[in-house]
Amino acid sequence: MTAIATRLEQKRDVSGAFPGPRSQELAQRRSAVVAAGVASSVPVYAADADGAIIRDVDGNQFIDLGSGIAVTSVGASDPAVVAAVQESVEHFTHTCFMVTPYESYIAVAEQLNALTPGDHEKRTVLFNSGAEAVENAVKVARLATGRNAVVVFDHAYHGRTNLTMALTAKSMPYKHGFGPFAPEVYRVPMSYPYREETEIKGEDAARRAIAMIEKQIGADQVAAILIEPVQGEGGFIVPAEGFLPTLAAWAKETGVVFIADEVQSGFCRTGAWFASEHENVVPDLITMAKGIAGGLPLSAVTGRADLLDAVHGGGLGGTYGGNPVACAAALAAIGTMKEQDLPARAGHIGDTIGSRLRALAEKTDIIGEVRGRGAMMAIELVKPGTGATTKEPNPEATKAIVQAALAEGVILLTCGTYGNVIRLLPPLVISDELLVDALDVLETAILAA
Ligand code: PLZ
């Protein structure tokens, strides 16, 4: 990979006050006008961001190990994305693809049809957010099959709209008080190797879920199985080998649409273009967002042509779906991913993080497990002395570590059903030097906890 040019020096610097006076002033203004329901995990306000560095309004520089929740894989202001956006926006900001169509939408569809797993005939439709893509994948599956039920998994996260809240597992904060939820959503057990009561093979974990589906719903009632190949918000859970292929094979036999939600795991993040590829799973439909467009809001459903083309003309759409500026950004971001071979880079980042954290796990008993794929790595924290027995979640240490790292200039995100997982999602263009510096900070924070 050739080094990506950056405007901001790729260096951590928290020598100023934290949070500084300008951030504090903004926090005050905010509390008077912004709804309390939208929370921010970091108390500083961004002024600039580039590569893997976020600079705050007081001049502090943070290493970003969250990428704005797995979005800025090509960096926070990739020159190719910036140039493409500028070029595009000078021509037109919007026409609405449903009114006056344009080429960049078609070009994105060509890219997605070629990059997603499987060489069958495919179609693509574009939206704005991950939740919107998931909703539309379900709409397509229901119409194409004439069935209603949707099967989802424990620990799943699919969004915050009404249908996607129903699809999401965790109540607080995503669903709490926001019901009633959409019907015909059924939840079955996930394969979560670290927390299985007794070791169970992936194939058997899939059979366990399938038995429940057949007993409680009936295969012929099921429109779709929806699953994140690596669960994101639920705790970076990688199912046991064989779990996904067994589910996909069962879906094929029974005419159930297999939808892979790759909103978080897609676009090079796990060391492949899509996480489904690690076990040669070819989803019928795949939902994408986040990393797709270098930070611009864009999402997509790509999949079997017979399913997507089953929908009547006008059945899919939205005012902004596939906005031309977002499409231009996506084409540029995909260009950077190819040029820089970011799947390989994600693999390298994963190796660096994995070997470092596994060595660290030998030194402390609060690390229950180090897991993940590629540059989607996490540590699950447990109470001291419970790692070999009850594996009691340790959300307190999780919070303390994230706060301590932040004060030293490293932005980390948490996740997990039990709030006890620290996830690492660096921009894939992060330099080895900067990554090692961030891991040094993380290690110190963990050993202090
Ligand atoms: N599917 C697998 O990870 C978004 C949400 C953070 P939207 N994950 C981050 C939060 O607290 O809101 C996500 C995902 C998977 C769907 C979504 C939803 O994507 O673009 O946030 O709608």
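Just so you know, ligand 1 is whichever comes first in the structure, and atom 1 is the first atom listed for that ligand.
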- Item | Which residue and heavy atom of the protein sit nearest atom 12 (O) of ligand 1, plus the separation | R160 NE, 2.7 Å

- Is it true that atom NZ of K391 has more than 12 heavy atoms of other residues, nucleotides or ligands lying nearer than 6.0 Å? yes

- Message: Show me which atoms of ligand 1 lie under 4.0 Å from any heavy atom of E228.
- Response: 2 (C)

- Spacing of CG belonging to L439 relative to CG belonging to L65, to within rounding of 0.5 Å: 7.0 Å

- With sequence neighbours left out, write down each residue that passes ring pair (Phe, Tyr, Trp, His ring centres under 6.0 Å) with F258, or none if nothing qualifies. none

- Task: Using distance alone, decide if ligand 1 has a nitrogen or oxygen within less than 3.5 Å of any nitrogen or oxygen in Q264.
- Result: yes

- Item | Closest approach of any protein heavy atom to atom 6 (C) of ligand 1, naming residue and atom | I69 CD1, 3.7 Å

- Query: With a 4.0 Å heavy-atom cut-off (strictly under), which part of E233 contacts ligand 1: side chain, backbone, both or neither?
  - Reply: side chain

- Query: Hey, is atom 3 (O) of ligand 1 touched by any protein heavy atom at less than 4.0 Å?
  - Reply: yes

- Side chain, backbone, both or neither: A131 near ligand 1, heavy atoms under 4.0 Å: both

- Message: I need the R371 CZ to M377 CE distance, nearest 0.5 Å.
- Response: 10.0 Å

- Task: Examine F127 together with Y320 and report whether their ring centres are nearer than 6.0 Å.
- Result: no

- Message: Students often mix this up, so state it plainly: with edges at 30° and 60°, are the rings of Y192 and Y194 parallel, tilted or perpendicular?
- Response: tilted

- Message: As a test of understanding, state which of V151, V138, L226, V152 forms a side-chain contact (heavy atoms from CB on, under 4.5 Å) with V185.
- Response: V152

- Any idea which protein heavy atom is nearest atom 16 (C) of ligand 1, and the distance to it? H158 O, 3.4 Å

- Working to the nearest 0.5 Å, report the span between CH2 of W273 and OG of S265. 14.0 Å

- Query: Say you draw a straight line from CD of E262 to OG1 of T270; how long is it, rounded to the nearest 0.5 Å?
  - Reply: 7.0 Å

- Task: Taking only heavy atoms of Y174 into account, list the atoms of ligand 1 that are under 4.0 Å away from them.
- Result: 11 (O)

- Task: Tell me which protein heavy atom sits closest to atom 1 (N) of ligand 1, plus the residue, atom name and distance to 0.1 Å.
- Result: D261 OD2, 2.7 Å

- Message: Any nitrogen or oxygen of V134 lying under 3.5 Å from a nitrogen or oxygen in ligand 1? Just yes or no.
- Response: no

- Is there any N or O on K290 that sits under 3.5 Å from an N or O of ligand 1? yes

- Query: What are the atoms of ligand 1, with element, lying closer than 4.0 Å to any heavy atom of S129?
  - Reply: 20 (O), 22 (O)

- Going by heavy atoms, is G130 under 4.0 Å from ligand 1? yes

